[in-house]
Structure formats: C-alpha cells, structure tokens
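First the proteins, then the strands, lettered A, B, ... as listed; each starts at 1. The basis for the numbers below is simple: all heavy atoms, side chains too, and nothing from hydrogens, waters or symmetry mates. This structure is a prediction, so every number in the text was calculated from the model and none was measured.
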2 protein chains.
Amino acid sequence: MDRRQRKTRAAIFQAFTELLSEKSFDKMTVEEIIKRADVGRATFYAHFETREYLLKELCHELFCHIFDAVSPTPSDHRHIFACEEHDSVFLHLIKHLEKNDNHVLKLFAGKNNELFLGYFKRGLRELVKANLSMFARRKSDFLPEDLWITHITSTFVETIRWWIDNGKQESAESVAEYFFGLV
Amino acid sequence: MDRRQRKTRAAIFQAFTELLSEKSFDKMTVEEIIKRADVGRATFYAHFETREYLLKELCHELFCHIFDAVSPTPSDHRHIFACEEHDSVFLHLIKHLEKNDNHVLKLFAGKNNELFLGYFKRGLRELVKANLSMFARRKSDFLPEDLWITHITSTFVETIRWWIDNGKQESAESVAEYFFGLV
DNA sequence: TCCATACAAAACAATTTGTTCTATAAATAG
DNA sequence: CTATTTATAGAACAAATTGTTTTGTATGGA
C-alpha cells in the first residue's frame, strides 16, 4: 500500500474517530470529516464509498484487535479450561474495554449507534458461541440455541451500556458478575 | 381539531406507515411522504417539525393503544394476582402483537429502527416495573434494580425480534415461555 | 531519473431540506 | 345561510449535502 494512501487513510480514521466522540454518526457529514482530516473530497470517496463503509472498516479494525486480544490462541491454554467467571474471556473483554478508555467506549453509550453495536455484536457472537459451555447447559434443552446465543450476546452489550451510562462506577469484576448473574 | 387537520394528519400517518414497511426510516425523505400522502410540503411542516417527530407521534399513538390494551385497569382484577406465565400481561402483549400483524411488527425486525425500539422500550419499561414481582426476587439482592429492569425489558424486545426474524413460527405461548425461561 | 498514481482544488448537477408567499378552498361561528 | 377564520396547495426559494468529474501537481516506488 502506497505511503500516501496509508497517511490519508490514517488521517480520515483519526478525524472520524474524534468526531465520533463529539457527535453521533448520522449527524456527521462527509464535509466535516474531510475538513478535519484535511483531505480532498475526491480523495475521501476514493478510499470509502460511503460514510457507512468508513464506519464498517473502522469497526473491523477496532474489533479485530479487541477480540484477538482476549481470545485464546490454539497454543495458549490460559482460557481453555477457564470456565470460571473470575478468569473468563468475558471478564478479560470487560477489562480490555475498561483499560482502553478512548473513543470506543463512548460509542456504546451514545444514541444512533445501531450500526456500531451491530458490528460489535457480530464479533461478540463468535466469542459467545466458542464459550457456550461457560453458561448453564440445561437451557439448551428447551430453548433454541440460536435464541440462547442471541440472548447472551445482547445481554453482554446491554450490561456494558448500563455500565457506561452509569459512569463506570463498578469494577470490571463486578460488571462481569452482573453479566453472569443475568444469564 | 379541524376536520381538515384530522384528514391531513391521517393521510400523513397512513403514507408514513406504508413507507415504513417498504424501507427503513432514515432512508425515507419528506418528499416521498408528502407525495404519497398527497399533501403540500408546507402542510407537512405545519404538522410535524421533523421526520423524527412524526415517528415519535406515530409510536406514541401505537404504543399507548397497545400498552393500554394489555395493562389491567384499577377496576380490572384480571392480572392483579396473575403472576403465572400462562396468564401474564407479557403473554397478552405477545398475543396482541401476533394478532395485529400489520405494520407494527415489521418495525421490530428491520434495521435502522433504533428510534422505534427506543420508544417501545420506554413504554415496556413501565410494564416491567409494574410486574417485577413476576420475576425472581432474589436477583435484586445482588443486582442493581435498574440493571435488572433494563435486562428484562431488552430481553423481551430481543425475543420478539428473534421471533419475527424467524418468520413467527412459534406460538405466542412458546414465545412467552422462552421469554420467561431467559429471564 | 522516470513513470505511475495519489492527491488537491474546483466546478458541477442532483437531492433534500426548511421557509415564505399568495390564492383558494373548506370549516366553523353566528 | 352568511361571514369570518384558517388550513391547505402550489410554487418559488436559499442553503446544505452528496457523489462525480476534470486538471494540474507532487509524491512514491522502481
């Protein structure tokens, strides 16, 4: 990838990220983004077809990084047998979200972030699937597995949202306990 | 209210509702609405400040009707002691949603319906609060009540969404069982 | 050094928005 | 039934936004 392309892309991501913490996604215009990123109009459209694709690609970068960080690798036996709450992948995820107190967290709480949450849930869903054994199995006896996974996923997101909205007063451990308590 | 106003308002609501079942809210323009409703541009803005207010007022009408229909009145002792799943206000709500298979249900499943779901949840939340006794009380011992109510509310919505997305194959009773099973 | 190409700048048509005007039709009051 | 009020249609309007196109520049990679 051309160095110029990398720079332009980074500048747009940076400007977009800053703007996301100031106003909601759909009230944001391409005009504002390119002004702050200091790139030409045609340049923006050369990189991203629409504003939506920009958000999608940003989310992809962010979430790949986050989920990779908390997911155990095949050679990593940390979590394989860690079916306990105090060492679960979900607690690590919450801690990770707590640590990176940058722009990402604000996206959870704000309004008009359906796209963002959708992309996050898509990644989280895989994590839930891979860790289903952590949750009560008997549920699957009378609940469709699909509904069960959907429920765990959105419960996690709702818990995080509640946490952020309340000013992150609780510790990551408490939030994880709440989450496991709910599901 | 002037008869002309009522007619105009009804025409706009009708056109808006039709369009809602065809495309998502934020891809919808005032242009399309007034064209289908066959009213003048200035007339629309005389009734509704923005598209958002239109959606808000439509939701208000719909939800007031729905929640009033399933909520017991003070003189109505049907549900007061009905803490069982098979006669709960939630089952009645699901049945009500199943029966009125008009435009409302489509709004649950579609994308870009955050505003709609927000308004629905606001009304549902009151219903949940008033029926908290129906759910396990010991939860409140270690869970903030606020989080607990939020969880029940969004679990209901998520269950309905799952139901719609899967083509409404299950009966209202099954859906209610799933809901109670989850919470 | 040379070539390809990413870029800036500007202009552009097409939409959409929200406002304002006038004349007309309809509703309501008396 | 008449008079007055008022909602509406229709049109025109400025402003903002979008996505495309063009031309010249300068930067990167070979």
Trainee: Assign a letter to each nucleotide of nucleotides 19-24 of chain D from its 5' end: B, base within under 4.0 Å of a protein heavy atom; S, sugar-phosphate only; -, no contact.
Mentor: BBB---
Trainee: Do A:Leu132 and A:Ile152 come close enough that some side-chain heavy atom pair is under 4.5 Å?
Mentor: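 Contact flag for A:Leu132/A:Ile152 side chains = yes.
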Trainee: Using a cut-off of strictly less than 4.0 Å, decide whether B:Thr43 has a side-chain nitrogen or oxygen near OP1 or OP2 of D:dA9.
Mentor: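 It does, given that an N or O in the side chain of B:Thr43 lies less than 4.0 Å from OP1 or OP2 of D:dA9.
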Trainee: Have a look at A:Gln5 and say if it touches a base, only the backbone sugar-phosphate, or nothing, with a 4.0 Å heavy-atom cut-off.
Mentor: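 Since only primed, P, OP1 and OP2 atoms lie under 4.0 Å of A:Gln5, the category is sugar-phosphate.
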Trainee: Please check if the side chain of A:Asp2 supplies one atom and the backbone of A:Arg4 the other of a donor-acceptor pair under 3.5 Å.
Mentor: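 Yes.
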Trainee: In whole Å, what is the span from the CG atom of A:Leu54 to the P atom of D:dT18?
Mentor: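 Interatomic distance, CG of A:Leu54 to P of D:dT18: 12 Å.
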Trainee: Tell me: CG of A:Asp26 to P of D:dT18, nearest whole Å?
Mentor: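 That distance rounds to 12 Å.
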Trainee: Is there a side-chain contact between B:Leu124 and B:Leu127 (heavy atoms, below 4.5 Å)?
Mentor: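 A side-chain contact under 4.5 Å exists here.
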Trainee: Keeping the roles fixed (side chain from A:Ser71, backbone from A:Asp68), state whether a donor-acceptor pair exists under 3.5 Å.
Mentor: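 No: the side chain of A:Ser71 does not pair with the backbone of A:Asp68.
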Trainee: Less than 4.5 Å apart, side chain to side chain, heavy atoms only: is that true for A:Lys27 and A:Ser24?
Mentor: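 Yes, at least one pair of side-chain atoms sits under 4.5 Å.
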Trainee: Quickly, which of B:Phe120, B:Phe156, B:Trp162, B:Trp163 forms a ring pair (Phe, Tyr, Trp, His ring centres under 6.0 Å) with B:Phe108? Name it, please.
Mentor: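 Among B:Phe120, B:Phe156, B:Trp162, B:Trp163, the one that satisfies the ring pair (Phe, Tyr, Trp, His ring centres under 6.0 Å) with B:Phe108 is B:Phe120.
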Trainee: Indicate whether any N or O donor in one side chain lies under 3.5 Å from an N or O acceptor in the other, for B:Thr150 and B:Arg125.
Mentor: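 The answer is yes; a qualifying pair exists.
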Trainee: Between D:dA12 atom C1' and B:Glu31 atom CD, what is the distance in whole Å?
Mentor: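 Result: 14 Å.
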Trainee: Report the residue from A:Phe16, A:Phe63, A:Phe25 that forms a ring pair (Phe, Tyr, Trp, His ring centres under 6.0 Å) with A:Phe116.
Mentor: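 Single ring pair (Phe, Tyr, Trp, His ring centres under 6.0 Å) partner of A:Phe116 among A:Phe16, A:Phe63, A:Phe25: A:Phe63.
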Trainee: Using a 4.0 Å cut-off on protein heavy atoms (strictly under), produce a 5'-to-3' string for nucleotides 25-30 of chain D with B for base contact, S for backbone-only sugar-phosphate contact, and - for none.
Mentor: -BBSS-
Trainee: Taking any atom under 4.0 angstrom from a heavy atom of chain A, which nucleotides of DNA chain C are the first and last to qualify, 5' to 3'?
Mentor: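 The footprint of chain A covers C:dT5 to C:dA9.
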Trainee: Strictly below 4.0 Å, N to O, side chains only: are A:Arg36 and A:Glu22 in salt-bridge contact?
Mentor: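 So A:Arg36 pairs with A:Glu22 through a salt bridge.
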Trainee: Can you check whether A:Val128's main-chain N or O pairs, donor with acceptor, with A:Asn131's side chain at less than 3.5 Å?
Mentor: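 Not a single qualifying donor-acceptor pair exists.
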Trainee: Could you tell me whether a side-chain N or O of A:Arg6 sits under 3.5 Å from a main-chain N or O of A:Met1, the two making a donor and an acceptor?
Mentor: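 Answer holds: yes.
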